[in-house]
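Below you'll find the structure, written out as structure tokens, and then a few comments.
None of these values were measured; they are calculated from a predicted model. What you see below is based on every heavy atom in this structure, not just the backbone, and it leaves out hydrogens, waters and symmetry mates.
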Amino acid sequence: MHSAPVQERLARLADGRLDAAFVRGEIPAGTDDVRFLPLTADELMVALPARHPLAERSELDLADLAELPLRLTERRNHPALVDLVLTACHRAGFQPVPGPASSTLQDTLAAIGTGAPMWTVVYAANARLTSHPRIAFRPLRDQVLALPLALGVRRTVPHPELLVAACRGRAAHDHES
């Protein structure tokens, strides 16, 4: 398993350094050697300091977060995620207060865990696997933020449906846990 920005993963996939790559969001243009097989949609949750008053709620409205700095990765690392979140904030009636950019989810959660008033979004599957007493993960009440998830494979890979079945089987297992 390799973690890298989407364009780098797709380049590795196209030149044979990777066998498959997960891609969230819109299918990138210029990927003729790669086919994308839809898997599911990854729902996002809000992560904020557990001691923040908003963490006492079981669900949040996106507009509740308007005054808190938003900590996200740089757009070049994950354009689909950044665009989804910023567009949702605009639809909720606010321009998010920019927090410091972060390089990894672990860095972001560590910063939020210090109690500094800020928030980010985390894939619900990751939130279910992460337990930290200083971080609260909350779903959004009326607005679901989700990114489509696809598996990219080289067009020459035989029987990609076996990879898709394995991925869907794993995703179903993760949702049951």
Side-chain angles (χ1 to χ4, degrees), residues 1-14 18-31 34-48 59-66 68-96 98-99 101-109 112 118-130 135-153 160 163-177:
M1 297 286 281
H2 296 276
S3 178
V6 68
Q7 293 303 337
E8 185 177 332
R9 278 182 279 145
L10 292 175
R12 289 180 185 181
L13 181 59
L18 289 179
D19 296 318
F22 291 109
V23 177
R24 289 183 174 107
E26 297 297 317
I27 302 304
T31 52
V34 177
R35 64 178 150 175
F36 295 92
L37 309 162
L39 296 174
T40 187
D42 274 345
E43 186 175 336
L44 295 160
M45 297 181 76
V46 171
L48 69 159
E59 297 177 315
L60 298 173
D61 290 315
L62 202 53
D64 296 336
L65 303 163
L68 295 178
L70 169 60
R71 190 169 176 138
L72 280 177
T73 188
E74 293 179 22
R75 187 179 183 283
R76 67 182 171 83
N77 294 331
H78 200 332
L81 174 71
V82 172
D83 291 350
L84 176 72
V85 173
L86 295 180
T87 299
C89 290
H90 292 155
R91 286 185 183 145
F94 71 99
Q95 172 77 26
S102 59
S103 57
T104 67
L105 177 60
Q106 291 77 16
D107 290 345
T108 299
L109 294 179
I112 289 172
M118 65 178 79
W119 67 285
T120 193
V121 291
V122 177
Y123 294 107
N126 288 356
R128 283 191 293 273
L129 297 174
T130 304
I135 301 169
F137 298 100
R138 298 293 180 260
L140 292 169
R141 183 183 343 270
D142 294 325
Q143 183 176 21
V144 174
L145 295 181
L147 284 174
L149 176 66
L151 183 68
V153 296
L163 284 172
V164 171
C167 292
R168 286 191 176 138
R170 181 65 197 176
H173 174 350
D174 289 345
H175 287 289
E176 292 170 1
S177 313

Applying side-chain contact (heavy atoms from CB on, under 4.5 Å), can you list everything that pairs with P148, at least two apart in sequence or on another chain? none

Derivation of the side-chain contact (heavy atoms from CB on, under 4.5 Å) call for T40 and D42: CA-CA 7 Å; T40 187; D42 274 345; 4.2 Å; yes

Donor-acceptor check, side chain of [X] to backbone of [Y], threshold 3.5 angstrom: yes or no?
| X | Y | result |
| --- | --- | --- |
| R9 | F22 | yes |
| D83 | A80 | no |
| T120 | R71 | yes |

Take I135 and V122 through the side-chain contact (heavy atoms from CB on, under 4.5 Å) test and state the conclusion after the steps. CA-CA 11 Å; I135 301 169; V122 177; over 6 Å; no

Atom of A47, atom of I112 and distance for their closest heavy-atom approach: O-CD1, 3.8 Å

Heavy atoms only: give me the nearest A146-L84 pair and the separation to one decimal.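 Smallest heavy-atom distance, with atoms named: O-CD2, 3.7 Å.
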
H78 versus R24: any side-chain heavy-atom pair under 4.5 Å?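 When only atoms from C-beta onward are counted, R24 and H78 do touch, with a gap below 4.5 Å.
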
Only counting residues at least two apart or in another chain, list the ones meeting side-chain hydrogen bond (donor to acceptor under 3.5 Å, both in side chains) with [X].
| X | result |
| --- | --- |
| E43 | none |
| R91 | none |
| Q95 | H90 |

From [atom1] ([X]) to [atom2] ([Y]), nearest 0.5 Å:
| X | Y | atom1 | atom2 | result |
| --- | --- | --- | --- | --- |
| L70 | F94 | CG | CZ | 7.5 Å |
| D142 | E59 | CG | CD | 8.0 Å |
| L140 | L65 | CG | CG | 7.5 Å |
| Y123 | L105 | OH | CG | 10.0 Å |
| L39 | L149 | CG | CG | 5.0 Å |
| R141 | D61 | CZ | CG | 4.0 Å |

Once salt bridge (charged side-chain N to carboxylate O under 4.0 Å, His left out) is applied, do any residues pair with R138, and if so which ones, sequence neighbours excluded?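 R138 satisfies salt bridge (charged side-chain N to carboxylate O under 4.0 Å, His left out) with no residue once adjacent residues are dropped.
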
Taken in chain and number order and not counting sequence neighbours, the residues that satisfy salt bridge (charged side-chain N to carboxylate O under 4.0 Å, His left out) with D107 are none

Start with the C-alpha distance between V121 and L72, add both sets of side-chain angles, then the distance that settles side-chain contact (heavy atoms from CB on, under 4.5 Å), and finish with yes or no. CA-CA 8 Å; V121 291; L72 280 177; 4.1 Å; yes

Tell me, with the steps shown, if L44 and L81 meet side-chain contact (heavy atoms from CB on, under 4.5 Å). CA-CA 10 Å; L44 295 160; L81 174 71; 3.7 Å; yes

